[in-house]
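None of these values were measured; they are calculated from a predicted model. Values below: all heavy atoms of this structure, side chains included; hydrogens, waters and symmetry mates excluded.
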Amino acid sequence: MIQKICCFLLLVLVFPYNLFGDALSDQENLMKDLLIVDYWNERINDRLPVTYNNLLQGGYFAMPSARMGREGEIGFGYSHIPPYRNYNLRVQMFDCFELTGNYRIHRGVKDPILSPFGFGDRSDKGANFKFSLLSPEDSQYELPGVAIGFEDFVGTRDFYAKYLVLTKVFLEKNLEVSLGVGDGRIHGFFGGFNWMPFRRSSWTWLQQLSISAEYDATPYRNKDFEPHPGGRVKRSPINFGLKYRLWDSFDFSLSYIRGDAVACSVSTYYNFGYTKGFLPKIEDSLPYKSPLNLEPLGYRRPEETLVPELLFAFQDQGLALLDIHLYYNEWSEKGLRLNVLNETYRLESEVRCRLNHLLSSIIPADVEEVIVVINSEGFPIQEYHYRMQFVRLYGAMEIGPHELNVLTPMTEVTYPNPYTSSHILECKRCLCNFEIVPRTHTLFGSASGKFKYSLGLNFYFNGFLWDDIYYSVLIGYNAITNIGNTPGFDRLNPSQLINVRSDIVRYYNQKGFALDEAYLQKNWNLGKGWYARVAAGYFEEEYGGVASEVLCYPVDSAWAIGVSGAVLKKRTYKGLGFTDRIRQMRDFKVTHRHNFIGSQFFLNIYYDLEIANMDFRVSVGKFLANDWGVRNEISRYFPSGLRLSLWYTVTNGHDRINGDTYYDKGVGFTMPFDIFYTYSERTYWNYNMSAWLRDVGVQAMNGMDLYYLINDQRQD
């Protein structure tokens with residue numbers, strides 16, 4: 001008996017020990033595995049911060065490195081580099097392509113022609129790009145990065161340079177070292193390093209401090225490479241100093257350069273391309289879940305009950321129902337046709353997600369087919385054919401969203417048969433929508449690159465008349481401007497073409513409120529991928545008239561092709577009238593041509609390269625100043641809705657600047673406003689700036705382009 005009791009006590013004591021010991025051992029192993037995974041995740045994603053030089057290129061102080069920021073970043077900065085003051089812009093279109101622009105002010109050097117007229121010190125603008133052949137991050141820092149670059153490759157090219165640079169990152173040492181060779185202003189071999197000695201310190205405020213030094217290969221004493229007399233002192237080729245990053249958004253730099261002067265810079269950057277917004281979208285509804293109602297149509301759920309259910313459910317999801325048709329198909333199956341207006345979501349996948357949840361939750365069980373038509377600016381663009389048997393499988397979680405989307409592809413728009421369908425809802429489109437958006441006008445209007453701006457607000461009214469005619473009214477107000485009494489022509493190289501654009505400063509000089517645009521536009525879907533539009537009214541500050549366009553853009557095609565044209569009258573500098581006079585310079589003498597009627601006609605070809613999130617546009621035809629040629633435009637679009645664009649135009653206008661033929665070129669971006677909102681919206685801010693305010697290769701605004709109206713609804 002005593003032996004049995006002892007065995008029982010031993011079992012009671014040992015078994016729990018083994019049980020809990022094994023459990024504790026499993027927990028310890030799990031924690032070890034999680035720590036190992038966390039370590040390798042941190043190791044894989046560990047990246048030495050990129051530092052930027054005084055021109056906002058990846059680099060040190062005056063010299064570049066092979067490193068650059070992440071695609072989608074936009075940076076702004078200011079640097080004081082005696083004897084210059086620089087205003088800098090950086091755009092990272094791809095991980096391997098960095099584009100920067102600089103506006104240099106030559107302190108203490110007057111322009112002999114322009115300074116007496118209020119243009120200030122002599123200045124210069126330039127653009128630079130760097131292309132990475134191999135990034136250090138591509139090999140997890142095992143191999144050095146390799147990049148080629150060109151500085152000041154357009155314009156006067158006073159600071160032109162080209163270079164090849166290699167950069168090796170020693171991650172464990174928190175160090176990067178560069179070695180390169182250049183030609184032009186960067187003359188011969190150069191090098192530099194950046195060391196972050198406290199990067200892994202427990203003192204967080206010291207982690208982003210770095211020590212930098214470089215061998216500066218700029219031949220400052222040579223007048224051919226250094227235009228400013230005050231910058232031709234070089235006592236040492238070694239530049240050194242400190243850099244500091246604050247809140248992972250602001251960069252500060254203090255350095256001693258040329259053995260002669262102290263330089264400093266400050267800049268900021270943000271990844272607008274991949275941002276989900278500065279504020280969470282707390283006002284957006286979650287995809288529809290309840291109330292769930294699959295009751296068939298009948299006396300317990302009549303049409304009068306179904307209509308408000310659909311209206312309120314779609315409205316809650318940010319989608320507007322324009323009309324509903326109840327119809328019977330060729331197999332006598334009951335179907336619903338829903339015309340939907342999407343003014344909320346930028347991505348087609350988000351619209352599909354909302355539709356999938358809605359249809360699986362509130363469509364009557366006796367409905368076998370649903371057609372959803374997506375509308376924009378008064379015309380249908382595309383539609384989806386839902387077989388409800390697949391939608392109900394989705395609602396029962398037997399298939400996923402990808403399978404459902406494959407089974408319900410996007411198709412061309414069809415139209416209901418009036419003999420087998422009936423209207424059960426018809427809504428009027430919004431009569432008036434009001435928005436306030438920034439008003440930004442910038443230009444470089446003289447041979448030394450003088451920057452002029454006019455900033456203010458636009459009060460934007462838009463809506464629909466007679467249900468499908470779109471109208472747009474834009475009232476502008478100037479708040480801050482330095483244009484003042486700036487003359488409307490280039491004092492050094494006045495354009496010899498008819499002044500279809502270079503006199504626009506006369507329009508920007510208006511005080512108070514101005515009617516920037518007021519036009520009507522009617523759009524049609526002609527079927528089988530063909531679209532058309534006509535527009536008439538005041539299209540911009542400078543022109544009004546009539547315009548039309550025809551476009552072929554099938555839903556399953558990355559290509560689109562169309563023709564567009566406009567006949568335009570020039571607006572008076574003040575008021576709402578038109579004039580038939582247009583200015584034309586004869587050398588430096590102002591003359592005018594009478595009976596002017598402007599016209600522009602183009603063959604437009606578009607290609608959307610979805611795999612790279614890029615699209616291309618080529619426009620061939622007649623420009624506003626009666627010059628013929630081709631405009632090439634390339635754009636990169638991002639998940640946030642940001643679009644960055646570059647263009648280059650070649651025409652037979654033979655415009656001359658400083659003895660060289662000038663071709664219009666420039667940059668632009670489209671920024672979604674909802675990154676600043678707590679809700680989703682499809683409103684954008686558009687900004688474009690040419691390298692020079694000239695009259696060659698000019699296209700006047702003439703309403704909304706069909707391609708971008710349609711493509712915007714198909715972006716995913």
From the list Gln699, Glu633, Arg631, side chain to side chain contact (heavy atoms under 4.5 Å, CB included) partner of Thr649 resolves to Arg631

Counting only heavy atoms from other residues, nucleotides and ligands, does the tally under 6.0 Å from NE2 of His187 exceed 12?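 Counting neighbours around NE2 of His187, 12 or fewer heavy atoms of other residues, nucleotides or ligands fall under 6.0 Å, so no.
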
Heavy-atom count around Arg245 CZ within 6.0 Å, excluding the residue itself: above 12?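 Yes - once you tally the heavy atoms of other residues, nucleotides and ligands closer than 6.0 Å, there are more than 12.
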
[X] side, atom [atom1]; [Y] side, atom [atom2] - distance, nearest 0.5 Å:
X      : Y      : atom1 : atom2 : result
Asp95  : Ser135 : CG    : OG    : 7.5 Å
Lys243 : Asn53  : NZ    : CG    : 7.0 Å
Lys130 : Arg67  : NZ    : CZ    : 10.0 Å
Ile657 : Tyr663 : CD1   : OH    : 12.0 Å

Looking only at heavy atoms, which two atoms of Tyr60 and Thr167 are closest? And how far apart? OH-CG2, 4.4 Å

For Val50 against Met68, the heavy-atom pair lying closest together: CG2-O, 3.5 Å

Do [Y] and [X] have ring centroids that are under 6.0 Å from one another?
X      : Y      : answer
Tyr87  : Tyr78  : yes
Tyr215 : Phe189 : no
Phe159 : Tyr84  : yes

Working note: Phe278 + Phe676, criterion ring pair (Phe, Tyr, Trp, His ring centres under 6.0 Å); need CA distance, chi angles, decisive distance, verdict. CA-CA 6 Å; Phe278 293 101; Phe676 306 103; 5.3 Å; yes

Run the salt-bridge test on [X] and [Y] with the 4.0 Å N-O cut-off and return the result as yes or no.
X      : Y      : value
Asp152 : Arg157 : no
Asp705 : Arg617 : yes
Glu151 : Arg185 : no
Lys125 : Asp158 : no
Lys168 : Glu176 : no
Arg346 : Asp674 : yes
Arg352 : Glu350 : no

Distance-only, no hydrogens or angles: does the [X] side chain make a donor-acceptor pair with backbone N or O of [Y] under 3.5 Å?
X      : Y      : value
Asn54  : Phe61  : yes
Ser79  : Ile81  : no
Glu226 : Arg232 : no
Asp608 : Ala558 : no
Trp195 : Lys173 : yes

[X] side chain to [Y] side chain, donor-acceptor N/O pair below 3.5 angstrom:
X      : Y      : result
Asp664 : Trp647 : yes
Asn86  : Asn102 : no
Tyr160 : Asn128 : no
Ser65  : Ser178 : no
Thr100 : Gln57  : no
Ser255 : Asn239 : no

Do the rings of [X] and [Y] sit parallel, tilted or perpendicular, given the 30° and 60° boundaries?
X      : Y      : answer
Trp205 : Trp203 : parallel
Tyr677 : Tyr679 : parallel
Tyr708 : Tyr606 : perpendicular

Could you walk me through whether Asp615 and Tyr637 satisfy the side-chain contact (heavy atoms from CB on, under 4.5 Å) test, starting with their C-alpha distance in whole Å, then the side-chain angles of each, then the deciding distance to 0.1 Å, before giving a yes or no? CA-CA 8 Å; Asp615 61 26; Tyr637 52 85; 4.2 Å; yes

Residues two or more places apart in sequence or in another chain: which of them pass ring-ring contact (aromatic ring centres under 6.0 Å, His included) with Tyr607?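 Partners of Tyr607 under the ring-ring contact (aromatic ring centres under 6.0 Å, His included) test: Trp559.
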
ring-ring contact (aromatic ring centres under 6.0 Å, His included) with Tyr244: which residues, sequence neighbours excluded?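 ring-ring contact (aromatic ring centres under 6.0 Å, His included) list for Tyr244, sorted by chain: empty.
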
Find out whether Arg682 and Gln713 are in side-chain contact, i.e. whether some heavy atom of one side chain is under 4.5 Å from a heavy atom of the other.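 Side-chain contact under 4.5 Å: yes.
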
For Asp216 and Tyr220: C-alpha separation, side-chain torsions, deciding distance, then whether side chain to side chain donor-acceptor pair (under 3.5 Å) applies. CA-CA 10 Å; Asp216 188 349; Tyr220 292 102; 2.5 Å; yes

Quick one, Thr440 with Trp685, criterion side-chain contact (heavy atoms from CB on, under 4.5 Å). Give me CA distance, side-chain angles, the key distance, then yes/no. CA-CA 10 Å; Thr440 54; Trp685 172 33; 3.6 Å; yes

Is the NZ or CZ atom of Arg714 both under 6.0 Å from the centre of the six-membered ring of Tyr553 and within 45° of that ring's axis?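 Verdict for Tyr553: a cation-pi partner in Arg714.
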
For Trp692, does the six-membered ring have the charged nitrogen or CZ of Lys665 within the cation-pi criterion, i.e. under 6.0 angstrom from the centroid and within 45° of the normal? no

Just to verify, what does Tyr274 make a side-chain contact (heavy atoms from CB on, under 4.5 Å) with, not counting sequence neighbours? Glu71, Asn271, Arg636, Phe638, Pro639

